2 protein chains.
Amino acid sequence: MSKKVSMAVIRRLPKYHRYLADLLDKEIYRISSKELSEIIGFTASQIRQDLNNFGGFGQQGYGYNVEELYNELSKILGLDKSYNTIIMGAGNLGQAIANYGGFRKSGFKVKALFDVNPRMIGLKMRDLEVLDAEDVEKYIKEEDIEIAVICTPKDRAQETADKLIAAGIKGIWNFAPTDITVPSDVKVEEVNLSESLYVLSYMLNEGNLNK
Amino acid sequence: MSKKVSMAVIRRLPKYHRYLADLLDKEIYRISSKELSEIIGFTASQIRQDLNNFGGFGQQGYGYNVEELYNELSKILGLDKSYNTIIMGAGNLGQAIANYGGFRKSGFKVKALFDVNPRMIGLKMRDLEVLDAEDVEKYIKEEDIEIAVICTPKDRAQETADKLIAAGIKGIWNFAPTDITVPSDVKVEEVNLSESLYVLSYMLNEGNLNK
DNA sequence: TAGATTGTTAATCGATTAACAATC
DNA sequence: TAGATTGTTAATCGATTAACAATC
């Protein structure tokens with residue numbers, strides 16, 4: 001196994017994957033790094049460097065076979081599997097994620113929502129039930145849950161993570177506006193929407209900074 | 001005006017802002033870059049470098065005044081103002097964003113949701129009305145809207161952006177799972193949730209890649 | 001004053017881009 | 001074969017870290 005691939009590269013992989021899917025939709029089956037660079041906005045050099053972290057998928061004089069590269073990227077991203085998923089916190093955001101069909105299509109299957117609020121517990125949202133957060137450890141083990149999405153308020157995020165990890169969860173998608181601390185074998189992807197919005201706000205005001 | 005600050009620095013600013021708010025909550029009024037580095041997980045050197053892009057906010061032998069630094073960061077991030085905001089697309093995600101109180105608290109005021117679906121138009125969600133997306137240009141001008149959030153499906157994102165920009169919008173927060181193209185005076189912050197989830201999926205499978 | 005800690009310059013590290021031999 | 005385009009090495013660029021004089 002070769003040297004660890006940098007996060008900068010990894011964060012570009014989903015974008016390659018998406019643009020290749022678009023090409024397939026348009027029935028384009030062959031592409032050079034130069035052509036791809038014009039569509040996706042990275043340099044051709046970067047594209048070739050990025051891909052070569054994982055293997056030589058192209059062919060000199062020809063370029064890349066779109067379908068083959070798409071399939072390779074699917075494998076690299078782990079999208080050739082499916083993942084049982086639960087959502088902690090059945091508020092607006094939890095519901096929105098539960099109802100987004102795109103994730104299911106990519107193999108992320110939301111099995112249940114969990115909440116601490118007695119008024120929510122037992123409710124059905126489309127075909128999903130809201131279960132008692134008390135019972136989550138048992139559920140994770142019995143239903144073979146691999147990914148948990150944290151949509152709780154900020155102050156309940158860490159304790160929720162701890163409980164999930166104790167039950168064996170190895171992947172957490174955290175939407176609570178706080179950083180959570182986990183052991184190194186647990187992977188966390190943080191989505192901090194406030195931080196994202198603040199970056200937009202920064203950009204809108206950049207010119208006005210009196211430096 | 002000094003040299004443009006890099007995106008790497010800018011994306012760390014909201015995190016400083018958040019951790020300083022936590023310190024104020026805990027009634028801690030003074031902090032050195034070293035102490036902050038232990039809490040936030042960046043090096044002390046990086047913290048000093050980052051902040052010095054915007055001014056010398058510290059004091060030798062003392063450190064930083066938490067409240068002062070927090071206020072300076074608020075100004076840098078444009079959080080000392082408020083922004084009239086609209087949401088394009090009144091689906092699950094649009095509603096979730098509309099209902100999240102945190103944004104309002106930071107000065108981002110959602111004034112209305114817009115949708116193309118006749119069944120949605122006219123509905124009230126809490127205190128917000130769903131308006132006809134046809135009327136958005138007029139609304140933007142009359143109500144002085146500065147920021148628009150795109151929560152439409154992928155295939156309607158670009159045309160929506162074009163319409164918003166024609167009406168004078170300068171800031172777009174894009175949740176549609178596609179990149180939108182805008183003139184250089186318009187700022188876009190992309191939030192691609194699928195890409196984020198795929199990165200998590202990658203990390204969960206990293207060990208299994210047969211390289 | 002002595003100690004602490006900044007602001008800032010210099011050194012290092014890593015990521016991106018350029019170049020080109022290999023080869024389809 | 002000739003042309004095209006990769007895979008990969010080398011060069012450049014930018015970001016992070018280290019070091020330390022300035023100074024509170």
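Here is the naming used below: chain letters follow the sequence lines, and residue numbers restart at 1 for every chain. Quick caveat: nothing in here was measured; it's all calculated off a predicted structure.
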What integer distance in Å separates [X]:[atom1] from [N]:[atom2]?
X	N	atom1	atom2	value
L51(B)	dT6(C)	CG	C1'	11 Å
I47(A)	dT5(D)	CD1	P	13 Å
E35(A)	dA4(D)	CD	P	12 Å
L69(B)	dT5(C)	CG	P	16 Å
N52(B)	dA10(C)	CG	P	16 Å

Quick one: list whatever passes side-chain hydrogen bond (donor to acceptor under 3.5 Å, both in side chains) with K81(B), sequence neighbours left out.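 Per chain and number, K81(B) pairs via side-chain hydrogen bond (donor to acceptor under 3.5 Å, both in side chains) with N205(A).
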Reference residue E195(A); test salt bridge (Lys or Arg N to Asp or Glu O under 4.0 Å); the match among R11(B), R18(B), R12(B):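 Among R11(B), R18(B), R12(B), the one that satisfies the salt bridge (Lys or Arg N to Asp or Glu O under 4.0 Å) with E195(A) is R18(B).
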Check: L13(A) main-chain N/O paired with Y202(B) side-chain donor or acceptor under 3.5 Å: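 No, because the side chain of Y202(B) does not come within donor-acceptor range (under 3.5 Å) of the backbone of L13(A).
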Would you mind telling me which of L128(A), L164(A), L131(A), L113(A) makes a side chain to side chain contact (heavy atoms under 4.5 Å, CB included) with I86(A)?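 Only match with I86(A) under side chain to side chain contact (heavy atoms under 4.5 Å, CB included): L164(A).
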side-chain N/O S33(B) vs dT5(C) OP1/OP2, d < 4.0 Å: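 Answer no for this pair, as no side-chain N or O of S33(B) is under 4.0 Å from OP1 or OP2.
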I want to check one thing: is the phosphate of dG7(D), taken as OP1 and OP2, less than 4.0 Å away from some side-chain N or O of Y64(A)?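 It does, given that an N or O in the side chain of Y64(A) lies less than 4.0 Å from OP1 or OP2 of dG7(D).
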Taking atom types as modelled, find out whether D162(A) and Q158(A) have a side-chain donor-acceptor pair closer than 3.5 angstrom.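 Yes.
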Letter by letter from the 5' end, nucleotides 14-24 of chain C scores (B base, S sugar-phosphate only, - none; protein heavy atoms under 4.0 Å) -SSBBB--BBB
R156(B) and I150(B), any side-chain heavy atoms less than 4.5 Å apart: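 Side-chain contact under 4.5 Å: no.
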Sort out the partner of dT8(C) for me: Watson-Crick or G-U wobble, both distances under 3.5 Å, none otherwise.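 Per the H-bond distance test, dA19(D).
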